[in-house]
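As structure tokens, the structure follows; a few thoughts come after it.
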Amino acid sequence: MAIFAIIALGVGFFAGLKVTRPGITASVEEYLEKYSFYDYRLLSTLGFEQEDVDFLAAGEDVEAAEGAVSFDVLYRLEDGSQGAVKTYSLPQRLNTLKLVWGRMPEAEGECAADSNLFGKSDLGGRIWLSEDNKEEDLEHFSCREYEIVGIVQSPLYLQYERGNTSLGTGRLDGYLYLTEDGYDVDYFTDIYVKFSGDFGLYSAEYEAFIEGKNGIWEDLTEEAAGRRYNSIRDTAEEELAEAREELEEKRTEGEEELEEAQKTLAEAEKELAEGEEALADAEDELAEGERTLEKERRQLEDARAQLEGKEQELADAEAAIAENEAKLRDADSLLAGKESELAEGEALMAQKEAELVQGEAGLAEAKDAWQDSSREIEAGKLQLAEGQEQILAGRAELARQREELTFAYGAGLIGQEAYDAGLAAIAAGEAEIDAQETILREKEQELLQGEAALTAAWQQISEDEQLLTEGRQALEQGKEELAQGRGALEDAKADVSAGWQELNEGKAELAEGRAAFEDGRREIAKGEEALADAARDMDEAKATLEEKEEELAEAKKEYTDGLEEYQDARKEFDGKIADAEKELADAEEELAELKEPDTYVLGRDANMGYVCFENDSKIVEGIANIFPVFFFLVAALVCITTMNRMVEEQRTQIGVLKALGYGEITIMSKYLTYSGLAAVTGCIFGFFLGTWGFPEVIWYCYGMMYSADPIFYVFDWRLAAISIVVSLLCSMGATWFSCRVELVQVAAALMRPKAPKAGKRVILERITFLWKRLSFLHKVSMRNIFRYKRRLFMMVVGISGCTALLVTGFGVKDSIADIAAKQFGEIQTCDISISLKERADGSLEEKLLALGSEGMGEYTCVMEKNMDLVTEEGVKSVILVAGKEEEMASFLDLHTAAGKDIAYPGPGEAVISNKIAEDYHLRPGNQITLRAEDMRTITVRVSGVYENYLYNYVHVSEETWREQMKEEPERKTVYLNLEAEKEDLLTAHGLSAELMKLDEVLNVTVNEDTMERIGNMMASLDIIVVVVILCAAGLAFIVLYNLTNINITERIREIATIKVLGFYKKETAAYVFRENILLTILGITAGLVLGHFLHAFVMGEIRIDMISFDIYVKPVSYVYSSLLTLAFAGTVNWFMSGKLEGISMTESLKSVD
Amino acid sequence: MSAFVSFRNVKKVYKTGEVEITALHDVDFEVEKGEFCVIVGASGAGKTTILNILGGMDTLTSGSVFLDGQEISSYGRRQLTSYRRYDVGFVFQFYNLVQNLTALENVELAAQICREPLDAATVLEQVGLKERSNNFPAQLSGGEQQRVAIARALAKNPKLLLCDEPTGALDYRTGKAVLKLLQDTCRNMGKTVIVITHNQALTAMADRIITVKSGTVADTILNEHIVDISEIEW
């Protein structure tokens, strides 16, 4: 029975715990599979289009891709309560919903709501989108109120945690699912992708698979988002262009109209001005006219006076003219005499001139004749010279001929005859030449005569020429005199003519004067008349002018009105245009601001529920790895003890059997069968109970946090086999061992009762002074305790195991539950941390300061940067924090695990978190190298190791960064504290929401939220603790019960005896259980120590990256563990005391069997 | 005043399932204070049941039992325990010593729960085991063990000493010595001693002999000729 129980328990725990993780994981996997949980969630800041979805759906390994719309919105319920929810579009294929109650929404005004937030009674209720929502947020929705028609569970929210938002208090209360018509957007905010590969949940293969996909999908997403970006931009640009065109058109139109109006106005103005001018002119004219009239009147008077003077003058002039006429007639007759004289002189002169001309002509003839003669002589001379030359030449020829002839003759060339003939010819030639010479001489003579005659002739000519020249001079003189005479005559004549002319002119003038006089008289009369007319006209004109002035004033008024109208119209037009332009500019700006979309490829590990579940199930696994081993150990021990006792009890029987001739194997097989059967039944019972019960219980507990389908039973053959084999080994091994011991003895020895184990003094007795102090009964107990070493050992092991389990269970809780509180309460003491999009600058600081009224206290900007810690033992990703020493104090408390403060690192120094120090064996004084993603490194000396639980940090000062990296640190993180008196969660959330509204802010983390979230997550540890307590209780019961039972059975006579001796019930119990209690206390003491180490070991096993557990057990946990163990022991003792009671005293009378 | 010990119409029925076995019926006897009484009978006659009832280890079905004027048969469990504790001393056939305690300690074990115990060492000395007082039972012979058991019973200074086949596991000589001790105790210390045995021979040494047969008292004889144990042979 004991074997059955312990095996059942051991196997139950082992198999149960072992199977729990696969079981719950499989259930969750099934759940996720059933509702098609995504593999990738793709996000783009600009959203996606159906086209993109199709594009991505065509990717490799993709089973399905689906676009989804999701927005956060503030809601209001009927009872006025408000909050923020995340809304989703109804999924078609991926992340489908589990309908808890009601039906799925179909119309645009219907929704399905989070089963965590709403219950069945909310069906048919209404949910309003709060008026506090920003208009731009509300625009995403087509309705303002939705009817809840269904209550659903979404696989996106495995866990109860709903996440954060930038709205309202910053926390999401739940989710709503709307139909696509429920949204008023034409794009998808998310795309969910599911791959066709079938991998185990949280399996390494899955991670590797996704890892392999990441790069590709980042590109794909980028591409899809890029397309969307382009399409948006193109559309916008087109629209913008159209709008601009329209604007231009309108502007032109308007301006034209306006211009026309303006022109009209200008004309009117001009006309008006002209009118005015004309009027002014007219007035001027009128004035002038008046003046002129006056002047004329005066002139007329003057003229009349003059006219009377002129009449006298005229009469005088007529008398003078008559006198002058007489004088002129005398002069005329004188002049006629002089003229005839002059005519005679002139006729003489003409005669003389003709004679002169004759003489000059004869001279010219003579000169020509001479000229000719002279030329003839010259020619003759030339001929002469020629002739002489010819003669000379003839003679030379002749001489040559003679010579030749002579020579020829001399040489005998020619004969005498030829020679003679030749001589004759030459002589003839000479004769001829001589004749010619004579002629020439004659001609020369003649020529000389001709020349002399010529010279005489020339002399004659020269004389004649002189005479002629003298004659010419005299003639010229006479002519001049004549001309002078003629001139004088002419002058006189002209004088007389002039006189006449003058006279005639005077006469004419006089006549004119007389006429003018008459005219003047008439004119004056006329002028007077005209003057009268003019005066009359003037009066008329004046009247007209007045009329015109009136008209002009009217026109002016009209004009002013027109102008006003025009200005108004202009203003309106300008305004409208400006508005339109502004709108356009805004749109343009918007377009310009339209950045290339940021895309995110989020795997399942970005889903809170998914990740939390993994961590939680890992904890279960960690525990499953440790505890069952422990249980098996105890189970083995219990088996050994039990079987040992059984065999001992039955030794007589064994002896009899042996004596009867049964073989050892037969005998042994009897016991082996017994123990084997017990083991197998126990194993089967335990296995099924364990594998069914544990996952069920744990799942039930998890169910409070996780929404998933009921767990289903997982049967693990391997596990079953292991369980069976181990349990059989334990029980049968123990049996075999015990049997061996007995069976080696001979049958006779076996049949004799085994001598009771001799009493022995215990070592304690040697320490007399102590021993003496013990009361008698205690001495008995002490001796009993040490009597059975194996039992002592088992008891201590069992009890210490129980205590250790409890310590571990509580310790796990202590270690994990407090890390968030410690991390954010004692180490990172800032209330809020903000991630920025860009590095912090002055404008942000101003904005932050402006939020002071929201409860914001101090803040500091730091750089948080992921870097690789490069050590000999490997590379580790850490977060480097570079801050300003003077500002960090209120945000970060650096201290060692022992609580000693650590100074903020100075230049070239770093303070590192304890986990990396442990993992890489770093101590203060070591040099560490950190590597940025661009492979630049920074080397610093570790100046301290500080206590830290979440993430791995390396703190350095900004100076260090500046010095080593030669650049300003990128301060993209802000640590922020609330004002001391406003430090509560509400303020924090309010502030967080305000902060989220800042453009620069990427993300706001309220540390208290994180703390709470982790705290909530850690609440799951309570389950673990409960499980552990159950385990421990089971262990304690079985061990204690088994041992006490053995103890009682073995000592039944003794107990009966003391009962007979008159020990009261209590005393009897005390007599027996004192040992138990002592052993329990001993076990607890050992267990506390063991628990301390076991806890450390378990914590080591469930090591989660990024989290350094505070391996620490609260003192109160030790107390709890001890008390619980005592309680278990007490329960067992209480239970067993009943059995003690049942021992009949008559037993004491029986013999030893 | 009635007798020190008296049984009146004592009936004891054991029930085992449907079967009722009447172990005792109509048992009537009396024992006077200071008597050495031997209850003798064949195996299964019911003598042990009588002892059990008298020793407060078992209850009876009907009738009544008085010891020193107190009706034991009306006692509850706790009263019975007190009764055993203060009024009765037992000597078992198989000594029933606590193996883990020395001779002296065994005696002390009994002595320390009594109101007026005798000094354990003295008692041991009286039974002649002074030298062996620090030995464990396993180191003692049967007779010695039985003597320790007697010493244990005596140390309680009980009104009544009950002995269940005290010599049953002993050889003749040792048994005699033990019986001598008992007889001496009775005589010297004035204790009432009741010895149960199947050995008829022992009746000779008793003051009163009660013969039990088939669950009832067949005969009660007051022995006029008391023989010292050393003279008895069997």
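Computed from a predicted structure; not experimentally measured. Proteins come first, then strands; the chains are lettered A, B, ... in the order of their sequence lines, and each starts at number 1. The figures here come from the full heavy-atom set of this structure, side chains too, leaving out hydrogens, waters and symmetry mates.
- In this structure, chain A has no heavy atom under 4.5 Å from any part of B/Leu97.
- Here the straight-line distance linking atom OH of A/Tyr1071 with atom CG of B/Leu109 works out to 5.5 Å at 0.5 Å rounding.
- Within 6.0 Å of the OH atom in B/Tyr14, the count of heavy atoms belonging to other residues, nucleotides or ligands exceeds 12.
- Of the two parts of B/Tyr83, neither the backbone nor the side chain holds a non-hydrogen atom closer than 4.5 Å to a non-hydrogen atom of chain A.
- Closest of all the heavy-atom pairs between B/Arg84 and A/Lys1059 is NE-O, 2.8 Å.
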